[in-house]
Structure formats: C-alpha cells, structure tokens
Amino acid sequence: MSVARPLGPADVDSAAKLAALEGAALWDAAAFAHELTLAHATLVAVDGDDGTLAAFAVWWRVVDETHLLNMVVAPGARRRGLGAALVAQMLDEARGRGDVAALLEVRAGNRAAQALYERAGFSRAGLRRGYYADGEDAVQMVRSL
Ligand SMILES: CC(C)(COP(=O)(O)OP(=O)(O)OC[C@H]1O[C@@H](n2cnc3c(N)ncnc32)[C@H](O)[C@@H]1OP(=O)(O)O)[C@@H](O)C(=O)NCCC(=O)NCCS
C-alpha cells in the first residue's frame, strides 16, 4: 500500500464511488471536483496494491483550525492503519502551519471512527442533534495542537 498523495481530478469518480459506499450522497464527483478548486481544502488519496483507490481524506483550514470533512478507507483495506495514517498526516500539516486545533463531526453510531479519533488524541466536545440528513446526531470531537 502506497503512502498518501494529493487527490487529483483523475480521482474524483473513484473517490465518489468510495464515498457512496458509506451513503455520503452529497460527496459526488462534482463535489470532489469543487473541493479541488478551494485554496483552503486539502484532499489526499491512497492507492491500493491493485491500483484502485484505497482511501481518501478531505480537510479544510478555517482561520487557525483544521476541520476533517470526510475520510473513507475502502472496506477491503481497513484495520491496516490507513485511517490513522491519514489523520496523522492531517495533524502534521495543521501543526506545521501553526493551527491551534483540529475538529470533526462523526456519526453518533460510528464507534469505529470514534475509536480511531480518540486514539489520535481527539476528545468529545459536544453533540449536534439531527446533524445528518437521515436525522442521526453528530458527535463533535476536538484536539488541541
Ligand atoms: C473509520 C475508518 C476510516 C477507519 O479506517 P482504518 O484504516 O480501518 O483505521 P485504522 O486501521 O487506522 O485503525 C486505527 C484504530 O482505530 C480503531 N478502529 C478502526 N476501526 C475500528 C473498528 N471497526 N472497530 C473498533 N475500532 C476501530 C482501532 O483503535 C484501530 O487500531 P487497531 O487496528 O490497532 O485496533 C474506516 O472504518 C472507514 O472508512 N469507515 C467508513 C467511513 C467512516 O466512518 N469515515 C469516518 C467518517 S467521520
């Protein structure tokens, strides 16, 4: 498995397919293409050994904070440290430019992602009721840098 590289225009369809596996309907190819035009957005990709997209992550810099917007590891590539590596890369980038905190929202029922973020030093900071389109609550998590 290769290390993360910038996600580019050629990846938007594969990234949207990966996002769709998680029911993230708003993250279609056009949405990824739009993110690529934003100066405050970082998009990274990891290639699988078979050349397909194994993972992506998208984060934004907002003033002096970094917000993780989305991250998906392909089902066949999970539990090999890819998600943790992408979060570590985000935190490195954020620290490098002097950000004070990293933030994210995660589905209240998504224990796997919450466990990953807790191991990466994030703590629960609040609950946003009905945050997702299907009505599920979001847990807000934050990590000081
Ligand atoms: C959450 C997700 C990104 C984790 O990616 P991953 O590459 O499998 O995670 P890692 O292998 O880096 O796991 C790091 C740690 O997180 C925790 N973790 C990850 N998946 C877990 C699971 N299914 N159950 C419990 N803990 C889990 C573990 O502590 C794990 O360390 P360990 O494997 O040594 O026990 C992946 O499951 C995924 O894409 N899920 C669907 C999309 C999603 O939930 N994205 C996050 C949206 S906020």
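In what follows, every heavy atom counts, from backbone to side chain, and hydrogens, waters and symmetry copies are set aside. If you're wondering where the values come from, they're calculated on a predicted model, not measured in any experiment. Just follow the structure's listing: the first ligand is 1, and inside any ligand the first atom is 1.
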Trainee: Are the side chain of R61 and the backbone N or O of V63 linked by a donor-acceptor pair below 3.5 Å?
Mentor: yes
Trainee: Going by distance alone, is a donor N or O of one side chain under 3.5 Å from an acceptor N or O of the other, for S123 and E118?
Mentor: no
Trainee: Identify the heavy atoms of L36 and L7 that sit nearest to each other, and give their distance.
Mentor: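 In this case the closest contact between L36 and L7 is CD2-O, 3.2 Å.
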Trainee: Do NZ/NE/NH1/NH2 and the carboxylate oxygens of E22 and R78 come within less than 4.0 Å?
Mentor: yes
Trainee: Suppose I only count heavy atoms of R80 and a 4.0 Å limit; which atoms of ligand 1 are within that range?
Mentor: 11 (O)
Trainee: Check whether E136 reaches the backbone of G109 with its side chain - one donor and one acceptor, N or O, closer than 3.5 Å.
Mentor: yes
Trainee: If we ignore angles and hydrogens, is there a donor and acceptor under 3.5 Å between the side chains of Q114 and R107?
Mentor: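 No, R107 and Q114 have no side-chain donor paired with an acceptor closer than 3.5 Å.
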Trainee: Checking the N or O distance criterion of under 3.5 Å, is ligand 1 in contact with A77?
Mentor: no
Trainee: Return the residue, atom name and 0.1 Å-rounded distance of the protein heavy atom closest to atom 48 (S) of ligand 1.
Mentor: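 Looking at atom 48 (S) of ligand 1, the protein heavy atom closest to it is Y117 OH, 3.2 Å.
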Trainee: When you look at E105 and R129, which way does the salt bridge (charged side-chain N to carboxylate O under 4.0 Å, His left out) test go after all the steps?
Mentor: CA-CA 11 Å; E105 277 93 19; R129 300 232 175 253; over 6 Å; no
Trainee: Does the N or O separation between R79 and ligand 1 drop below 3.5 Å for any pair?
Mentor: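 There is such a contact, yes.
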Trainee: Of all the non-hydrogen atoms in the protein, which one sits nearest to atom 23 (N) of ligand 1, and at what distance?
Mentor: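 Of every protein heavy atom, A112 CB, 3.3 Å lies nearest to atom 23 (N) of ligand 1.
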Trainee: Is the shortest N/O to N/O distance between V106 and ligand 1 below 3.5 Å?
Mentor: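 V106 vs ligand 1: no N/O contact under 3.5 Å.
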Trainee: Hey, does A115 come in under 3.5 Å of ligand 1, counting only N/O atoms on both sides?
Mentor: no
Trainee: If you take the nearest heavy atom of each of E105, M141, R78, which one is closest to atom 36 (C) of ligand 1?
Mentor: R78
Trainee: Note the single closest protein heavy atom to atom 7 (O) of ligand 1, along with its residue, its atom name and the distance in Å.
Mentor: G83 N, 2.8 Å
Trainee: Looking at atom 9 (O) of ligand 1, what's its closest protein heavy atom, distance included?
Mentor: L116 CD1, 3.5 Å
Trainee: Please state which part of F56 comes within less than 4.0 Å of ligand 1, counting heavy atoms only: side chain, backbone, both or neither.
Mentor: neither
Trainee: So for ligand 1, is N110 a polar contact partner (N or O within less than 3.5 Å, distance only)?
Mentor: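 Checking ligand 1 against N110, an N or O pair does fall under 3.5 Å apart.
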Trainee: Output the list of atoms in ligand 1 that are nearer than 4.0 Å to some heavy atom of E22, sorted by atom number.
Mentor: 41 (C), 42 (C)
Trainee: Could you check atom 3 (C) of ligand 1 against the protein and tell me its nearest heavy-atom contact, residue, atom and distance included?
Mentor: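 Result for atom 3 (C) of ligand 1: M71 CE, 3.7 Å.
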Trainee: So, is A84 polar-close to ligand 1, with some N/O to N/O distance under 3.5 Å?
Mentor: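 Yes; the residue has a nitrogen or oxygen that sits under 3.5 Å from a nitrogen or oxygen of the ligand.
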Trainee: Within a reach of under 6.0 Å around NE2 of H34, are more than 12 heavy atoms found that belong to other residues, nucleotides or ligands?
Mentor: no
Trainee: Any chance the side chains of W60 and E35 put a donor and an acceptor closer than 3.5 Å?
Mentor: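 There is such a pair (donor and acceptor under 3.5 Å, judged by atom type) between the side chains of W60 and E35.
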Trainee: Answer yes when R5 and D11 have at least one side-chain N-carboxylate O distance shorter than 4.0 Å, and no when they do not.
Mentor: yes
Trainee: State the atoms of ligand 1, each with its element, that fall below the 4.0 Å cut-off from a heavy-atom position in G81.
Mentor: 10 (P), 11 (O), 12 (O)
Trainee: Considering L82, V73, N70 one by one, which has a heavy atom nearer to atom 39 (O) of ligand 1 than any of the others?
Mentor: V73
Trainee: List every atom of ligand 1 that sits less than 4.0 Å from any heavy atom of V72, numbering the atoms from 1 in the order shown and giving each element.
Mentor: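 Close to V72: 39 (O).
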Trainee: Can you check side-chain contact (heavy atoms from CB on, under 4.5 Å) on F56 and M71, steps first, answer last?
Mentor: CA-CA 6 Å; F56 73 80; M71 173 172 73; 5.8 Å; no
Trainee: Can you tell me the protein heavy atom closest to atom 34 (O) of ligand 1 and the distance?
Mentor: R119 NH1, 3.1 Å
Trainee: With the side chain counted from C-beta on, respond yes when V58 and T42 share a heavy-atom pair under 4.5 Å apart, and no when they do not.
Mentor: no
